[in-house]
2 protein chains.
Amino acid sequence: MAELLPVFTACSTCPIRHRAVCASCDAEELDALNGIKYYKTYSAGQNIALRGDALDMVASIVAGTASLERVTEDGRVQMVGLLLPSDFIGRPGRSGLQYDVMAASDVTLCCFHRKPFEEMLDNTPHLRERLLEMAMDELDAARDWMLLLGRKTAREKITSFIDLIVRRSYHPAEAKLDQPMKIELPISREAMANFLGLTIETVSRQITALKRDGLIQIEGKRSVTIPDIYDLRAETGDDEEDVG
Amino acid sequence: MAELLPVFTACSTCPIRHRAVCASCDAEELDALNGIKYYKTYSAGQNIALRGDALDMVASIVAGTASLERVTEDGRVQMVGLLLPSDFIGRPGRSGLQYDVMAASDVTLCCFHRKPFEEMLDNTPHLRERLLEMAMDELDAARDWMLLLGRKTAREKITSFIDLIVRRSYHPAEAKLDQPMKIELPISREAMANFLGLTIETVSRQITALKRDGLIQIEGKRSVTIPDIYDLRAETGDDEEDVG
DNA sequence: GCGACGAGTTGATTTAGATCAACGCGGACA
DNA sequence: TGTCCGCGTTGATCTAAATCAACTCGTCGC
């Protein structure tokens with residue numbers, strides 16, 4: 001159930017100020033954005049918008065986790081986007097959605113009506129530049145994800161997912177990779193299965209196996225401690241080469 | 001083996017003029033691009049660049065087919081991008097490649113050195129705008145592809161791939177959907193397997209099955225006739241809803 | 001003309017993960 | 001304070017696609 005989420009009003013104190021679409025905006029540009037933004041919250045499980053809908057806004061995730069999902073005609077579900085704080089929802093220049101947008105947890109969005117945002121885009125080079133950068137980052141992430149979906153084993157999928165959450169949870173600078181790391185899984189087992197192209201039974205079994213092998217420890221259902229992140233990464237199937 | 005490919009010099013007669021990254025450039029902008037472009041050809045099977053390489057150019061595909069591939073540490077291959085004429089190679093603002101770029105057939109590229117192209121990007125709003133649009137189109141395509149990789153059966157994967165090639169081979173306006181359609185598969189069975197997250201044996205068997213079921217006819221190895229595209233699409237597993 | 005090689009097909013067998021089924025556990029609620 | 005429900009785990013069995021193995025066909029070089 002959604003308890004009331006904190007509502008931010010000043011961009012200067014916004015937790016995603018330096019990572020979101022507004023990251024490279026200067027004070028003046030930020031001011032303009034500030035004038036057209038509004039906040040909206042959704043509770044866990046709600047759908048934010050459905051495939052085919054005309055979405056009259058774009059938005060940044062301020063808090064919580066949303067997912068993008070595609071569904072086959074007979075109801076098989078594949079997650080095609082996992083949106084964490086600072087990620088962007090919506091496509092400027094096109095209102096018709098290609099996939100469902102779901103609130104995987106309670107979610108706070110910083111929204112902009114489509115029209116004024118698109119106009120700002122034309123007058124604010126920094127904004128379009130940042131949007132392009134984010135789109136290309138997402139494309140790179142999508143390609144990693146395709147390797148995972150097409151070629152990795154169930155165990156590799158799970159370890160890759162945990163590593164992904166680790167990477168998004170720690171700023172590269174402040175991460176101590178040689179110490180145990182602790183994360184919260186942002187989504188349920190079912191959502192993990194839909195992310196990874198597995199069933200929830202297989203997700204559960206693989207997590208149990210990783211626990212048995214000492215690669216992870218679990219407290220509750222969502223809290224994971226990784227004693228040695230290098231050991232975990234050795235199981236992801238990824239080439240070691242550090243690209244990026 | 002690569003026979004000599006035709007080399008174009010004037011943008012005005014370029015076959016991809018109205019679909020590539022330069023599509024929305026005006027005469028003046030085109031002129032500037034023209035000044036920094038150069039052509040390069042690769043023969044089938046060659047790699048254009050490898051993961052980790054610093055690629056000092058970006059390029060548009062003029063003719064032929066290239067693929068982007070990711071490889072697991074033990075050599076499993078997943079195609080993560082299929083680039084047909086008018087598609088764009090490279091990422092402005094970052095030279096380090098995240099994946100291998102391969103020539104799936106003989107390929108002609110229209111190349112731009114990275115630095116001058118990035119400078120043009122800053123002075124040419126149309127260019128950045130078009131690039132953003134293309135990146136977002138590719139992201140949407142990547143998401144369809146993720147549904148395919150994660151949740152579709154082998155038969156659905158093959159029919160989806162054939163449908164994809166049909167859609168890229170016919171301009172929507174001039175396509176006669178109620179008549180038999182004929183396409184050339186742009187890639188080998190092995191490349192199809194790597195695209196679809198299957199083995200070549202499974203690809204071969206599924207194609208045979210589709211032939212047996214009368215959904216497709218094959219002449220040679222690459223030429224496919226689809227008697228009824230609607231029958232084929234009914235097998236893709238996709239939701240009928242026409243979005244986009 | 002003929003062996004070698006690469007691309008593709010077909011068949012037999014194996015297996016990773018799906019499916020079907022039961023059960024545990026904690027929180028909501030009457 | 002029980003029981004109901006959603007979420008997750010565990011066990012038994014099944015199956016789609018992988019793997020292992022031959023074989024065909026075309027073409028390239030000699």
Side-chain angles (χ1 to χ4, degrees), chain A residues 1-3 43-46 72 74-78 104-105 148-161 184-213 216-224 235 237, chain B residues 1-3 43-46 72 74-78 104-105 148-161 184-213 216-224 235 237:
Chain A
M1 195 78 300
E3 40 183 305
S43 47
Q46 254 191 304
T72 61
D74 63 350
R76 283 163 283 166
V77 179
Q78 176 63 50
S105 69
L148 177 148
L149 289 173
R151 295 301 190 196
K152 287 188 178 180
T153 65
R155 167 179 268 240
E156 289 169 342
K157 286 177 174 183
I158 299 285
T159 51
S160 296
F161 178 72
E184 292 295 310
L185 297 176
I187 54 175
S188 67
R189 294 292 186 273
E190 183 181 20
M192 282 182 66
N194 290 339
F195 183 107
L196 299 170
L198 297 171
T199 59
I200 66 173
E201 292 96 327
T202 298
V203 169
S204 183
R205 278 186 251 271
Q206 293 297 333
I207 288 179
T208 302
L210 292 176
K211 211 163 33 175
R212 169 179 39 74
D213 297 347
I216 60 172
Q217 290 143 20
I218 306 270
E219 299 105 59
K221 292 169 189 313
R222 297 282 189 97
S223 182
V224 180
E235 302 272 347
Chain B
M1 192 82 299
E3 41 183 304
S43 48
Q46 254 191 305
T72 61
D74 64 349
R76 284 163 282 165
V77 178
Q78 174 64 49
S105 69
L148 177 148
L149 289 172
R151 295 303 190 195
K152 288 188 178 180
T153 65
R155 168 178 267 239
E156 288 168 343
K157 285 177 173 183
I158 299 285
T159 50
S160 296
F161 178 72
E184 291 296 309
L185 298 176
I187 54 175
S188 68
R189 296 290 187 273
E190 183 182 20
M192 281 182 67
N194 290 339
F195 182 107
L196 299 170
L198 297 170
T199 59
I200 67 172
E201 294 95 326
T202 298
V203 169
S204 183
R205 278 186 250 272
Q206 292 297 333
I207 288 179
T208 303
L210 292 175
K211 212 163 34 175
R212 171 182 33 76
D213 297 346
I216 59 172
Q217 290 144 20
I218 306 270
E219 298 104 60
K221 291 169 189 312
R222 297 282 190 96
S223 182
V224 180
E235 302 273 345

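No experiment lies behind these values; they were computed from the predicted model shown.
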Notebook entry, point to check: Quick one: salt bridge (Lys or Arg N to Asp or Glu O under 4.0 Å) partners of A:R189, sequence neighbours excluded?
Noted result: none
Notebook entry, point to check: Of all residues at least two apart in sequence or in a different chain, which pass the side chain to side chain donor-acceptor pair (under 3.5 Å) check with B:E184?
Noted result: B:S223
Checklist line | Spatial distance of atom CZ (B:F195) from atom CD1 (B:I158) [nearest 0.5 Å] | finding: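 Going from the CZ atom of B:F195 to the CD1 atom of B:I158 covers 10.5 Å.
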Note to self: For B:K152 versus B:S160, what's the shortest heavy-atom pair and its separation?
What the structure shows: NZ-OG, 2.9 Å
Check: Who pairs with A:R205 by salt bridge (Lys or Arg N to Asp or Glu O under 4.0 Å), at least two apart in sequence or on another chain?
Finding: none
Note to self: Distance check needed: D:dG8 P versus A:I187 CD1, whole Å only.
What the structure shows: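 The answer, rounded to whole Å, is 10 Å.
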Next item on the list: May I ask you to decide if B:N194's main-chain N or O and B:Q78's side chain share a donor-acceptor pair within less than 3.5 Å?
Entry: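 At least one qualifying donor-acceptor pair exists.
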Note to self: Any residue in residues 197-207 of chain B with a heavy atom nearer than 4.0 angstrom to DNA chain C? Just list them by number, or reply none.
What the structure shows: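 Within this stretch, B:E201, B:S204, B:R205 sit under 4.0 Å of the strand.
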Item checked: Criterion side chain to side chain contact (heavy atoms under 4.5 Å, CB included) against B:F161, the qualifying member of B:L148, B:L198, B:L185 -> B:L185
Checklist line | Pairwise distance OG1(B:T72) to CZ(A:R151) - rounded to 0.5 angstrom | finding: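 So the OG1 of B:T72 and the CZ of A:R151 are separated by 9.0 Å.
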Note to self: Quick check: closest heavy atoms across A:A104 and A:I187, and the distance to 0.1 Å?
What the structure shows: CB-CG2, 3.9 Å
Check: Among all residues two or more places apart in sequence or in another chain, which pass the side chain to side chain donor-acceptor pair (under 3.5 Å) test with B:Q206?
Finding: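 Once residues adjacent in sequence are excluded, B:Q206 has no partner under the side chain to side chain donor-acceptor pair (under 3.5 Å) criterion.
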Next item on the list: Name every residue in residues 154-161 of chain B that has at least one heavy atom under 4.0 Å from any atom of DNA chain D, in order of residue number, or write none if there are no such residues.
Entry: B:A154
Notebook entry, point to check: Does B:E190 CD have over 12 foreign heavy atoms under 6.0 Å away?
Noted result: no
Dump the pairs, protein N or O against N or O of nucleotides 23-27 of chain D, anything under 3.5 Å, distances to one decimal.
none

Next item on the list: Would you mind telling me which residue lines up with the more 5' stretch of DNA chain D, B:K152 or A:I218, judged by nearest nucleotide?
Entry: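 That would be A:I218.
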Check: Are B:R222 and B:P186 close enough that some pair of their side-chain heavy atoms sits under 4.5 Å apart?
Finding: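 No - every pair of side-chain heavy atoms lies 4.5 Å or more apart.
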Check: How close or far is atom C1' of D:dA17 from atom CG of A:L149, stated in whole angstroms?
Finding: 17 Å
Note to self: I need the CZ-P distance between A:R212 and D:dT10, as an integer number of Å.
What the structure shows: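 Computing the A:R212:CZ to D:dT10:P distance gives 11 Å.
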Check: What pairs with B:T202 under side chain to side chain donor-acceptor pair (under 3.5 Å), at least two apart in sequence or on another chain?
Finding: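 Result, side chain to side chain donor-acceptor pair (under 3.5 Å) vs B:T202: B:T199.
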Notebook entry, point to check: Just how large is the angle between the end axes of the helix from C:dG1-D:dC30 to C:dA30-D:dT1, five pairs per end, to 10 degrees?
Noted result: 30°
Checklist line | Those residues that, when tested against B:S204, pass side chain to side chain donor-acceptor pair (under 3.5 Å) (two or more places apart) | finding: none
Notebook entry, point to check: How long is the line joining CG of B:D74 and P of D:dT19, in whole Å?
Noted result: 10 Å
Check: Between which nucleotides of DNA chain C, read 5' to 3', does contact with chain A run, using atoms under 4.0 Å from its heavy atoms?
Finding: C:dG17 to C:dC20
Margin query: Rounded to whole Å, how long is the line connecting atom NZ of A:K211 with atom C1' of D:dG8?
Written below: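 So the two atoms are 10 Å apart, to the nearest Å.
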Next item on the list: Mind calculating the distance between CG (B:L196) and P (D:dA17) to the nearest angstrom?
Entry: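 It is 12 Å, rounded to the nearest whole Å.
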Check: By salt bridge (Lys or Arg N to Asp or Glu O under 4.0 Å), which residues pair with A:R76, not counting sequence neighbours?
Finding: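 Residues passing salt bridge (Lys or Arg N to Asp or Glu O under 4.0 Å) with A:R76: A:D74, B:E156.
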Notebook entry, point to check: Do A:I216 and A:I207 come within less than 4.5 Å of each other through their side chains, counting heavy atoms only?
Noted result: yes
